[in-house]
A.B. asks: 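To start, I am sharing the structure in question, which I have written as structure tokens.
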Amino acid sequence: MLILECPYCGVEAEETELHAGGQAHIKRETVGSDDDAFEHYLFSRANPRGVHLERWRHANGCGKWFHAARSTTTLEVFGTYSAQTFEPPKAIVDAITAKHPNWSFDQWKDLS
Amino acid sequence: MSNAVSALQGARFEGFATITESGLRGMITLRGDLASSAVKSAVKAATGLAVPTQRQFATADEHGVGWMSPDELLLMVPYEKAPEITARLAAALEGEHALVVNVSDARAVFSIEGQSAREVLAKLSPVDVSQESFPEGTLRRTRLAQTAVAFWAKGKNAFELICFRSEAGYVFDVLSMSARKGSEVNFYST
């Protein structure tokens with residue numbers, strides 16, 4: 001059972017209180033983007049084996065969206081953080097690199 | 001003018017805990033910056049209570065204030081006074097980035113009381129409702145079986161729970177089933 005701490009209400013929420021929102025930190029292409037960029041935004045998602053950054057919503061709770069960093073293979077959770085950011089905070093990156101020294105945010109972004 | 005009635009008009013179930021639909025209660029949703037002095041003083045003026053801290057429910061007499069999220073409060077007031085208090089709050093918060101809505105008729109309120117009241121909720125939600133982690137005055141928005149609810153501990157063995165009015169029948173049934181005599185688990189035996 002996946003358990004994530006909601007950074008807004010501090011609840012250790014388990015899966016059934018949450019709603020998955022897919023890959024985090026996506027650039028939302030809009031008016032003025034070319035077709036290739038828009039297609040990429042619409043359809044291309046990373047599906048890494050290992051560290052992944054995702055969006056989650058505390059749906060049966062405070063209702064807020066937040067970010068989570070976890071491993072798709074071990075289900076280890078590295079931490080959750082605010083939705084009001086374009087990249088994971090240092091504490092989260094440190095928690096990830098402690099286990100996966102070669103991981104970097106830039107490299108992860110290039111996966112999709 | 002039609003008479004206001006609550007969703008289940010005081011329905012009651014006696015099991016190893018007592019489930020009661022609490023009848024008409026005034027409920028006001030307030031959204032805004034909870035740290036702003038305008039919100040703090042408006043809430044104080046309306047209910048006599050301070051803005052509670054994270055996941056707390058403050059109560060005094062027939063008033064209550066619950067922390068619902070970082071930018072949302074639930075004010076419990078007498079039913080008849082809700083429209084007037086809503087108007088006063090809205091006036092006090094004019095110019096603020098805030099929203100005040102009277103949701104009294106959009107919700108149903110239940111009370112769960114009895115020696116094993118905690119057990120009734122424990123069976124239905126993914127929440128640790130033991131006395132240690134859920135003492136008096138704690139509030140939690142969560143899931144009760146298949147519906148979204150919020151409940152708070154108003155005493156050692158007494159809880160209040162709110163849900164959407166349209167789901168009141170389901171919530172009453174599922175609480176009653178959970179409280180049925182003979183289905184005690186005695187996990188939180190006191």
Side-chain angles (χ1 to χ4, degrees), chain A residues 1-26 28 52-93 95, chain B residues 29-35 51-58 65-74 97 99 101 103 106-107 121-130 132-135 137-153 161-164 167 170-171 174:
Chain A
M1 175 73 75
L2 180 65
I3 296 173
L4 299 174
E5 186 186 333
C6 171
Y8 293 97
C9 64
V11 160
E12 293 272 338
E14 52 95 286
E15 235 169 294
T16 63
E17 268 191 27
L18 302 168
H19 180 81
Q23 188 181 339
H25 307 301
I26 289 169
R28 279 156 226 289
H52 202 19
L53 307 176
E54 295 171 318
R55 300 172 74 233
W56 287 84
R57 182 171 177 251
H58 195 186
N60 282 319
C62 67
K64 302 292 180 202
W65 283 97
F66 61 92
H67 285 132
R70 65 180 190 107
S71 166
T72 57
T73 43
T74 63
L75 299 188
E76 176 183 5
V77 176
F78 301 107
T80 54
Y81 53 102
S82 158
Q84 278 75 42
T85 175
F86 292 108
E87 54 187 74
K90 191 172 176 303
I92 299 288
V93 176
Chain B
T29 282
L30 189 159
R31 296 199 73 162
D33 178 4
L34 304 189
V51 171
T53 52
Q54 193 182 51
R55 297 204 310 279
Q56 295 297 303
F57 187 88
V65 182
W67 187 98
M68 302 297 274
S69 89
D71 58 1
E72 182 178 346
L73 294 176
L74 177 75
H97 184 60
L99 173 81
V101 184
V103 294
R107 306 263 191 278
L121 294 170
K123 285 194 211 173
L124 299 167
S125 356
V127 179
D128 178 1
V129 288
S130 62
E132 301 78 59
S133 57
F134 212 96
T138 313
L139 176 145
R140 181 76 144 79
R141 281 175 85 173
T142 182
R143 171 180 73 81
L144 188 87
Q146 298 187 52
T147 59
V149 300
F151 55 74
W152 55 90
L161 179 146
I162 55 164
C163 68
F164 291 116
E167 290 165 351
Y170 173 82
V171 168
V174 83

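Note that the structure is a prediction, hence the values are computed from the model and not measured. Chain A is the first sequence line, chain B the second, and so forth, proteins listed ahead of strands; every chain is numbered from 1.
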A.B. asks: Report the residues that fulfil side-chain contact (heavy atoms from CB on, under 4.5 Å) with S133(B), sequence neighbours left out, ordered by chain and then residue number.
C.D. replies: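 S133(B): side-chain contact (heavy atoms from CB on, under 4.5 Å) contacts with D128(B), S130(B).
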
A.B. asks: Quick check on R143(B) against chain A: is it the side chain, the backbone, both or neither that has a heavy atom closer than 4.5 Å?
C.D. replies: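 Both backbone and side chain of R143(B) come within 4.5 Å of chain A.
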
A.B. asks: With a 4.5 angstrom heavy-atom cut-off, could you sort out which part of V149(B) is near chain A: side chain, backbone, both or neither?
C.D. replies: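 Nothing of V149(B), per the 4.5 Å heavy-atom cut-off to chain A.
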
A.B. asks: Which residues in residues 63-76 of chain A have a heavy atom less than 4.5 Å from any heavy atom of chain B?
C.D. replies: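 K64(A), listed by number.
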
A.B. asks: Within a radius of less than 6.0 Å around CZ of F164(B), do more than 12 heavy atoms belonging to other residues, nucleotides or ligands occur?
C.D. replies: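 Not buried by this count: 12 neighbours or fewer within 6.0 Å.
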
A.B. asks: With chain A, which of A148(B), A150(B), P126(B), S125(B) has the greatest number of heavy-atom pairs at distances under 4.5 Å?
C.D. replies: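 Top count of heavy-atom pairs under 4.5 Å with chain A: P126(B).
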
A.B. asks: Quick check: under 4.5 Å, non-hydrogen atoms only, which of residues 52-62 of chain A neighbour chain B?
C.D. replies: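 Result: N60(A), G61(A), C62(A).
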
A.B. asks: By number, which residues in residues 1-26 of chain A have some heavy atom less than 4.5 Å away from chain B?
C.D. replies: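 Listed by number, the contacting residues are Y8(A), C9(A), G10(A), V11(A), E12(A), E14(A), T16(A), E17(A).
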
